[in-house]
Every structure is written in C-alpha cells, then in structure tokens.
Amino acid sequence: TNLMWNLVCRSESLDILHLEHISWEDDAMKVVLHRTKPGKARNHSDSSSSQVKHVFAAPESPEICPILILGLYTFASRGICM
C-alpha cells in the first residue's frame, strides 16, 4: 500500500511489476509502470504505453520510507519464492 501511494497508481499496475521495471536514477528509484486500462491511454496511439515514476527515500521518517519498506518486504518474503 505504501508503494502504491508513493507511485500514485492502481493496484493492478503493481500486480504486474517485476524487478526489470525497477532501476536507479541519481538518488531516486525509477519505476516503469505499464498501462492496465487500454481505453485510458491519453494522447497515445499505442495503448500499451508505459509511464515512468520516481520514488525518493524518506530517511527522516523510516516508518513511511518506501525504499526501506520495499527492502524489508523483499528480505522478509525471500524464502517464500524459493
């Protein structure tokens, strides 16, 4: 929910998110979201266009820091995928 809030996106967009959609650009985590509603592709002829979002850390507030939360989730769920 925290990552969805920071990316300002629908939960369906996060369901199809993979590690190859995440990279680093300067001091921000860059996330490429693919459109899930083909009818809502504004000003694009291709309905499968993507949108780039940048997420920044909040070191002064670790309880809401999206980078920390994603890291904790990744390490906590590591054994589930193996």
Side-chain angles (χ1 to χ4, degrees):
T1 305
N2 182 286
L3 192 58
M4 185 172 57
W5 174 264
N6 282 282
L7 291 172
V8 188
C9 69
R10 300 168 52 91
S11 61
E12 291 85 7
S13 297
L14 287 182
D15 286 344
I16 59 173
L17 191 65
H18 297 280
L19 284 178
E20 61 261 12
H21 299 137
I22 300 173
S23 62
W24 289 96
E25 186 174 296
D26 297 327
D27 60 345
M29 181 174 67
K30 183 170 82 170
V31 180
V32 179
L33 297 173
H34 298 283
R35 296 194 190 276
T36 57
K37 294 177 84 176
K40 295 286 185 179
R42 297 174 269 154
N43 302 325
H44 297 287
S45 59
D46 183 14
S47 62
S48 65
S49 61
S50 58
Q51 185 177 24
V52 176
K53 301 275 189 160
H54 293 88
V55 179
F56 295 89
E60 68 283 347
S61 302
E63 65 276 3
I64 62 166
C65 178
I67 309 298
L68 178 62
I69 290 171
L70 184 61
L72 291 173
Y73 174 77
T74 302
F75 285 114
S77 63
R78 188 173 169 194
I80 295 172
C81 299
M82 298 180 133

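None of the values given here were measured: they were computed from a predicted structure.
Not counting sequence neighbours, the partners of Glu25 by the salt bridge (Lys or Arg N to Asp or Glu O under 4.0 Å) test are Lys30.
The cluster map of Ile, Leu, Val, Met, Phe, Trp and Tyr, joined by side-chain heavy atoms under 4.5 Å apart, puts Phe75 and Leu72 in different clusters. Residues Val52 and Trp24 fall into different hydrophobic clusters, defined by Ile, Leu, Val, Met, Phe, Trp and Tyr side chains chained together at heavy-atom separations under 4.5 Å.
Pairing each heavy atom of Leu68 with each of Pro62, the nearest pair is CD2-O, 3.5 Å. Nearest approach of Glu63 to Ile69, heavy atoms of both residues: O-CD1, 3.9 Å. Of all heavy-atom pairs spanning Phe56 and Asp27, the tightest one is CE2-OD1, 3.6 Å. Across all their heavy atoms, Ala58 and Cys65 have their closest contact at N-SG, 3.3 Å. Residues Ile67 and Met29 share a closest heavy-atom pair of CD1-CB, 3.8 Å.
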